[in-house]
**Q** 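Sharing a structure with you now.
Throughout, a chain's letter reflects where its sequence line sits, starting with A, and its residues are numbered from 1. The model shown is predicted, which means the values in this text are computed figures rather than measured ones.
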There are 2 protein chains.
Amino acid sequence: MDCVSTSKQLPQPDRDEIRVDAVLQALGEPVRLMIVRMLADTSEGIACGELELPVTASTRAHHLKMLRESGVVSTRTEGTRRISALRREDLDALYPGLLDGVLAAKQ
Amino acid sequence: MDCVSTSKQLPQPDRDEIRVDAVLQALGEPVRLMIVRMLADTSEGIACGELELPVTASTRAHHLKMLRESGVVSTRTEGTRRISALRREDLDALYPGLLDGVLAAKQ
DNA sequence: ATCGTACTACGATATTCATCGAACTTCGAC
DNA sequence: GTCGAAGTTCGATGAATATCGTAGTACGAT
């Protein structure tokens, strides 16, 4: 292949392609909301396998894909690992207060 | 029956019973988000029949029930009409910025 | 009481989607 | 190359739900 770098961004919507419907639907699932909470506690992002969740690996991958395609997280490849991180800047710019409001919820 | 008043509140969760999962899931449906946008433009609330939406009356009622049971709207009875209004105070207290962020979305 | 309006409840249907296991891909290590 | 680890993809399945039409309830007006 013609990939020169060892790190690569996975495809995701541009900021202006993010739809609020999709974001809310993505956040409105308990497991995905857990993922977002975990990501909010880090600045570097988390690998799929490091997310301790009550679901199998394939379900985990499914949820991360939903979050990426809706514009909530971005994912980069590092070796065999895929590091996901919250798209805080984009979300705060599009929906100021939304993320903080969600994270403020006690549970 | 023993109802003395002509106006009555329909059952809804108390503020401390509202779950963020349910709120986000309720907001993450296009028709329901339209309803919330319309309600945000009024202070008095809107009757079910006055919501102009591309669905039938029964579907409209269904969505309003979802919104009420998740804690997004409150509904009071006035004669044969049911007036729904955004629970702004409760939502702002629980998730400060969430509602404003959602409503700030261009579409 | 009768009628019409406003809305809800019920049953049916189709779609969406969360979940899993198994097979596959990709990468690093040996 | 071979192996193992990390993740994804591919059905399959079961549950949730958006939608509708119809029937039913509640209320006001006549």
**Q** Measure NZ/Lys8(B) against P/dA6(C) and give the value in whole Å, please.
**A** 20 Å
**Q** Identify which nucleotide among dG21(D), dA18(D), dA6(D) has an atom closest to any side-chain atom of Thr56(B), counting heavy atoms from C-beta outward.
**A** dG21(D)
**Q** Check every atom of dT9(D), dT8(C), dT19(C) against the side chain of Ala57(B) and return the nucleotide holding the closest atom.
**A** dT8(C)
**Q** Could you check which residues of residues 42-54 of chain B get a heavy atom under 4.0 Å from DNA chain D? Sort them by number, please.
**A** none
**Q** Just compare dT8(D), dT19(C), dT22(D) and give me whichever is closest to any side-chain atom of Arg82(A).
**A** dT8(D)
**Q** By side-chain contact (heavy atoms from CB on, under 4.5 Å), which residues pair with Ala61(A), not counting sequence neighbours?
**A** none
**Q** From dT5(C), dT8(C), dT19(C), pick the nucleotide closest to the side chain of Val55(A)?
**A** dT19(C)
**Q** When you measure from the side chain of His63(B), which nucleotide among dA18(D), dT8(D), dA9(C) comes out closest?
**A** dA18(D)
**Q** Expressed as a whole number of angstroms, how long is the span from His62(A):NE2 to dC10(D):C1'?
**A** 13 Å
**Q** Whole Å only: how far is the NZ atom of Lys65(A) from the P atom of dG7(D)?
**A** 16 Å
**Q** Please work out which residues in residues 68-75 of chain A have a non-hydrogen atom less than 4.0 Å from an atom of DNA chain C and list them by number.
**A** none
**Q** Same cluster or not: Met66(B) versus Val36(B), using hydrophobic residues (I, L, V, M, F, W, Y) connected whenever any side-chain heavy atoms lie under 4.5 Å apart?
**A** no
